[in-house]
Every structure is written in C-alpha cells, then in structure tokens.
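Heads up: the structure comes next, in structure tokens.
Residue numbering restarts at 1 for every chain, and letters A, B, ... go by the order of the sequence lines. The basis for the numbers below is simple: all heavy atoms, side chains too, and nothing from hydrogens, waters or symmetry mates.
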Amino acid sequence: MKAHVAKYPADRSRSALIPLLFVVQRERGGWLDNPGVNFLAKFLDLEVTDVWETATFYSMFNLRPIGRHHIQICKTLSCKIMGEPDITDHICSKLGIKPGETTDDGKFTVTMVECLGSCGTAPMMQIGFDYYEDLTLEKVDKILSDCK
Amino acid sequence: MEIKALGCEPLSLRRVFIKDGHTLDVYRKDGGYKSLKKAMTMTQDAIIQEVKDSALRGRGGAGFPTGMKWSFVPRDNPKPKYIVCNADESEPGSFKDRYLMEYDPHALIEGMLIAGFALGSNTGYIYGRGEYRYLLDIMDVAIKEAREAGILGEKVLGNKDFSFDLHTHTGAGAYICGEETALLSSLEGFRGHPRMKPPFPAIEGLYASPTIVNNVETLTSIPQIIEMGGIKWRDLGTEKSGGTKLWSISGHVKKPGVYELPMGYADMEKFIMKDCGGMLRKDKDLKAVIPGGSSVYIMNAGQIIGQNVTLDYEGLVAAGSMLGTGGMMVMDETVDIMESTKNLTEFYKHESCGWCTPCREGTDWLVKIFNRISTGEGRPEDAQLLLDICDNMEGKSFCPLADAAAWPIQSAIRQFPGDFKKWLFDNVSSNGVKPNVQ
C-alpha cells in the first residue's frame with residue numbers, strides 16, 4: 001500500500017485513494033465493507049466520508065457482496081448490434097439469475113456494463129479483470145465451465 | 001480482428017508487426033529512444049515548434065492542436081509541472097489506444113519523456129481506465145525496464161539537467177474521467193467532476209500546477225515527429241490534418257479492427273466497402289455510420305456512398321459529422337436507429353457525473369422518453385420533445401458530455417426521420433417489430 005502512496009507528492013497521498021480502494025476491495029472479498037473503508041481512511045488520514053464520497057462515484061467499486069466470478073457484459077452499441085442480447089440471455093438462463101443478481105452459491109454475479117473498449121471484437125464480456133472477446137454461445141459455455 | 005496500415009507504412013502500428021516490439025531491447029534495436037536523444041539536443045522552443053509544424057491535433061476526440069496546447073504552459077512558473085497521459089479510452093466505438101499500449105509501451109514512455117523535456121516537467125502519470133488493468137501491468141513492466149536502463153528517473157540518459165519519472169494510475173469505471181479536468185480530479189483522489197475552465201490545465205491542472213493532458217495516440221506520435229521533423233510528418237497527411245491516424249472500426253463490417261490511415265485518406269466509402277471487407281452480411285445494405293466515436297453526428301448511407309468523403313478533420317465536418325476519436329461504428333439495415341440512439345442515450349445517462357443539472361436531469365428525461373417510445377407508448381410530439389431537451393443541454397454544462405449526449409439524438413432525428421415516425425405514429429420499429437411490453 002505504501003508503494004502506491006509513494007507515486008505522489010508527499011502532501012498528496014489522497015491521490016492513492018482509488019488504487020488503494022482496489023486493494024481493499026480485493027482483500028475484503030470483492031466489495032467495500034465498513035471495516036475496509038474505515039481502515040483505509042485511517043491509513044490515508046482522511047475522513048471516512050471522504051473515502052465513501054470517492055468510492056460511491058465509480059462503477060468498479062462494489063458496495064455489496066459479489067460473486068467470486070464477476071461477469072460484466074458490455075451492452076453498448078457495437079456489442080448490442082453484434083449479438084450481446086443473445087449472449088446475455090444465454091448466460092442468465094444458464095445461471096438462473098437476472099443481470100444485477102448473484103447465484104445462490106455465491107459463485108457468479110452478472111452485471112450489464114457500458115463500453116469496455118472492445119468494439120472490434122464484439123460481443124464481449126469481462127470476468128474479474130480478464131477480457132473475453134468475439135463471444136459465441138459455445139465459447140461462453142466453455143468459459144463458464146472453466147470458472148472454478 | 002484486423003490490425004493494419006493502409007496507404008502508408010505502419011507508423012503508430014509499426015511495433016505491432018515486430019516480434020517482442022514491446023520490450024526495451026527490441027524497441028531500442030528498432031531505433032527507439034533515438035528521438036529522445038535528439039530532442040535533448042534541441043531547445044525547448046524548437047521541440048514545441050516541431051510539434052506545431054506537424055499539425056498534430058489531439059487524438060482523444062476534441063482535436064485541439066497539440067503544439068498550441070504545449071505552448072500554453074508557463075515555463076517560468078516555479079511550480080512543478082506535470083505530463084499526464086489520458087489512457088481512459090472509454091468512447092463507445094474507440095479501442096485503438098489499447099493496442100498502442102499493448103504493443104508499443106515504450107513509444108508512449110518516449111513521447112512523455114520528450115514532452116517532459118520540452119515543458120520542464122519531472123513527473124508524468126498515465127491515467128488508465130480501471131478495466132484496462134492488464135495494460136497498466138504492461139506499462140508498469142516497461143516503466144521498470146526504462147528505469148533500470150537509466151532512461152527514466154534521475155539524470156535521463158546521463159543528462160544531469162533532466163530528471164523525469166513516470167507512474168501508472170488506475171481509474172475505476174467512469175467515462176467522464178476521459179474529460180481532462182475530470183481526469184485530474186480523479187487523479188487527485190476525488191469524484192470525477194469536471195472543473196471550470198479557465199483556468200485551463202496548462203496553467204492550473206494537477207495539484208493546481210501547470211499540467212499537460214494528452215491522449216495515448218497523441219503522445220506516441222511525438223517520437224515520430226521529432227525523428228522525421230514536423231513538416232515531413234505533417235505531409236504524410238494534409239496541410240491542416242497532419243500525419244497518420246488510427247481508426248477503430250466495428251459493427252457490421254467483415255473485417256473490423258484498428259487501421260492506420262494517412263490523414264485525408266480517400267475515401268470513406270472505399271474504406272468501409274473495400275478495405276474493411278464490406279458489409280458483414282452480403283444481402284444487407286449499409287444504413288448508418290457513426291464515424292468518430294458515439295459522441296459525433298450519425299451519418300446515413302447517402303452521406304457516404306458516392307460522396308468522396310475524405311477521412312480527416314475537415315472532410316468529416318464537410319460531410320456533416322466529425323472525426324472525434326476515429327471510432328467508426330457501422331450499421332446495416334437491420335438496425336433501427338431509434339433503438340441505437342436509445343442505447344447510446346442510456347450510456348450517457350449512466351456516465352453523466354451529475355455535476356451540472358442540464359446534463360444530469362436531461363439525460364434522465366431523454367432515457368424516460370426513449371423507454372416510452374420503445375414500449376409502444378410514444379406520442380407524435382415526442383421527437384420534438386427530445387430535440388427540445390437536447391437544446392436545453394447543449395452548451396449548458398461544464399464539460400462536453402451534455403453535448404455528446406445531444407448530438408447523436410439531433411442527428412438521428414435529422415438523418416433518419418422515418419425510423420422515428422414509425423415508432424411515434426405506428427408504434428412499431430422500422431423493421432416492423434412490435435414493442436416488447438412487459
């Protein structure tokens with residue numbers, strides 16, 4: 001965590017807030033809980049509300065528990081016209097959940113997200129930080145069965 | 001997906017075709033960091049003049065002349081100065097910067113070093129969108145290599161008067177952070193709200209210090225310009241639009257991908273129908289193209305076919321749109337333009353940062369009206385209502401996001417009135433599909 005702070009001028013440690021929120025999110029099992037945020041506020045010498053103020057702005061910070069595999073399907077135009085609706089229906093019916101929900105066993109969460117910058121290889125999704133592009137229904141089946 | 005250069009030697013894409021071009025060794029063998037050495041023998045003014053001569057315009061979408069932007073930095077200001085790379089590529093339709101960082105990270109580092117030398121800066125940050133974690137990892141490896149080789153850090157390449165260090169910084173999922181002042185707020189650890197301009201970042205940017213924010217493609221062009229000389233680089237393109245440009249092309253074409261074209265490439269029809277393999281489905285005609293990322297005016301086929309539209313800033317303006325980021329989205333006749341415009345409006349609603357009322361409320365109202373239309377509840381006066389809301393957003397917010405939300409709608413209603421009429425009067429889409437009411 002100190003390596004992140006060291007990137008910025010000494011009196012500007014707040015700049016490390018977003019990178020460190022990712023660290024806290026990872027350490028707290030994929031979402032930002034109160035103990036994690038309180039710890040980070042103390043570490044950066046910020047008010048707890050300062051940390052929440054920033055954290056709640058960005059879509060990649062999860063404010064409630066999330067499945068082990070976070071499936072984020074791009075729903076923006078190029079993906080949409082290249083077959084995203086079929087991919088989404090397939091994934092959701094296979095997992096038995098709707099976008100925004102988590103499977104009962106806590107393994108998968110499906111979220112619809114805006115453009116991830118893979119329009120040339122649409123349709124696509126991101127699981128965790130990994131990109132999966134040029135999706136077909138067969139590819140999706142394989143990717144999901146490879147998720148442990 | 002294709003990655004290739006047409007009508008020119010690959011310049012920005014050069015290292016894509018060289019094995020291990022992303023490593024320092026190969027980059028150096030290929031002439032890498034020679035431009036930095038050359039720049040360090042030049043005066044700061046001479047470097048800025050070369051960039052001005054090159055007619056390089058910002059490749060992030062706004063197209064502001066880079067050399068002019070650099071000349072705004074007050075070099076006698078005693079505060080530290082910062083070079084910030086905008087790698088927050090989030091414009092729907094745009095995916096070129098990804099490949100530059102993946103295949104040619106050292107070109108970006110070299111471009112930032114030259115900018116740092118020219119502007120008297122000792123620190124740079126690469127602000128990458130949060131989803132591009134793997135690219136920031138690639139950049140971190142390249143930065144480490146450069147540091148260990150004495151290229152970054154104290155005394156760059158042994159020059160005792162120039163130190164420059166570089167760090168990556170991650171965003172966390174917010175389109176607005178591609179706007180330079182919002183990016184700086186985010187880099188300081190705050191919500192990504194844009195700031196009032198002036199003061200412009202060149203005068204008061206990061207930590208209220210003079211700051212230059214440039215796009216990845218802009219910065220990777222800098223070593224090319226120093227190597228070739230500004231005028232020679234400019235002449236690859238046209239007098240007003242210098243050099244080469246990366247185009248990201250997606251949607252209903254056979255060969256989507258990233259293409260490097262000289263500015264002024266003729267013409268748009270040939271590019272889509274021949275170079276990119278033509279329509280994905282042979283029996284479907286071209287209906288619409290958004291040529292420069294989602295925020296520019298949509299074009300109908302009649303504005304492209306037989307019109308000799310040249311691919312540069314001026315050519316696309318003359319054709320009724322804009323170059324933007326060069327993120328070209330191609331749609332065939334199966335796409336209903338009311339629905340495609342609704343999709344983009346949902347994007348802008350999600351990405352509005354909420355700071356300015358016209359944008360926050362406007363995008364929300366627009367989506368509500370689109371929802372009503374797409375469930376068969378549209379009213380004949382809704383097209384005019386959409387345009388009225390756009391009027392109340394355009395030019396009435398701190399940053400251009402409100403404009404970016406308004407332009408696709410205004411142009412869609414102008415160029416595809418039939419698609420809207422079908423929905424508003426007959427409550428069906430242009431393809432005859434009835435709304436799905438649940």
Under 3.5 Å: donor-acceptor pair, side chain of B:Glu188, backbone of A:Arg14: no
Heavy-atom pair with the smallest gap, counting every atom of B:Gly130 and A:Phe129: O-CE2, 3.6 Å
A:Cys119 to B:Ser250 - nearest heavy-atom pair and separation: O-CB, 3.1 Å
Residue, of B:Ala174, B:Ser186, B:Gly327, B:Gly354, that accumulates the most heavy atom pairs under 4.5 Å with chain A: B:Ser186
A:Ser15 versus B:Tyr125, side-chain donor and acceptor atoms under 3.5 Å: no
Per-residue contact mode, B:Thr123 against chain A (heavy atom under 4.5 angstrom): neither
Sidechain-backbone polar pair: A:Thr54 side chain, B:Gly189 backbone, donor-acceptor under 3.5 Å: yes
Note, A:Phe57 side chain near B:Cys353 side chain (heavy atom, < 4.5 Å): yes
Greater than 12 external heavy atoms within 6.0 Å of A:Asp104's CG: no
Atom NZ of B:Lys144: over 12 foreign heavy atoms under 6.0 Å: no
Rounded distance [0.5 Å steps], CD1 in A:Ile18 versus OH in B:Tyr127: 5.0 Å
Side chain / backbone / both / neither for B:Glu89 at chain A, heavy atoms under 4.5 Å: neither
Option in B:Gly257, B:Ser340, B:Gly173, B:Pro256 with maximal non-hydrogen atom pairs under 4.5 Å from chain A: B:Gly173
B:Tyr82, part contacting chain A, at a heavy-atom distance under 4.5 Å: side chain
Side-chain (B:His252) to main-chain (A:Ile81) donor-acceptor, under 3.5 angstrom: yes
Side chain / backbone / both / neither for B:Thr334 at chain A, heavy atoms under 4.5 Å: neither
Heavy-atom proximity to chain A below 4.5 Å, by part of B:Thr170: both
Minimal non-hydrogen separation, A:Ser78 against B:Gly251, with atom names: OG-N, 4.4 Å
B:Phe95 vs A:Ser118 side-chain heavy atoms within contact, under 4.5 Å: no
Over 12 non-hydrogen atoms of neighbours within 6.0 angstrom of NZ in A:Lys98: no
Interchain contact, B:Arg191 with chain A, by part (heavy-atom threshold 4.5 Å): both
A:Asp45, CG atom: more than 12 neighbouring heavy atoms under 6.0 Å: no
A:Leu116 and B:Arg129, any side-chain heavy atoms less than 4.5 Å apart: yes
Audit row: B:Glu346, A:Thr76, side chain to side chain contact (heavy atoms under 4.5 Å, CB included) steps and yes/no: CA-CA 9 Å; B:Glu346 287 166 354; A:Thr76 317; over 6 Å; no
Considering all heavy atoms, the nearest A:Cys115-B:Ser90 contact: CB-O, 4.3 Å
Check: B:Leu280 and A:Met82 side chains under 4.5 Å, non-hydrogen atoms: yes
Option in B:His193, B:Met329, B:Arg98, B:His350 with maximal non-hydrogen atom pairs under 4.5 Å from chain A: B:Arg98
Donor-acceptor contact present, side-chain B:Tyr175 to main-chain A:Glu114, <3.5 Å: no
Chain B contact via A:Glu133 - side chain, backbone, both or neither, heavy atoms under 4.5 Å: side chain
Side-chain donor-acceptor contact under 3.5 Å, B:His169 with A:Tyr8: yes
A:Lys42 atom NZ: more than 12 heavy-atom contacts under 6.0 Å: no
Contact winner vs chain B - A:Ala16, A:Ala55, A:Gly120, heavy-atom pairs under 4.5 Å: A:Gly120
Mutual orientation of the aromatic rings belonging to A:Tyr131 and B:Tyr132 [parallel < 30°, tilted 30-60°, perpendicular > 60°]: tilted
Residue part contacting chain A, namely of B:Leu206, when any heavy atom lies under 4.5 Å: neither
Engaged part of B:Leu187 at the chain A interface, taking heavy atoms whose separation is under 4.5 Å: both
salt_bridge(B:Glu339, A:Lys80) N-O dist < 4.0 Å: no
B:Val258 portion near chain A, given a 4.5 angstrom heavy-atom threshold: neither
Heavy-atom side-chain contact between B:Pro92 and A:Leu77 under 4.5 Å: no
Side chain, backbone, both or neither of A:Gln126 within contact of chain B (heavy atoms, under 4.5 Å): side chain
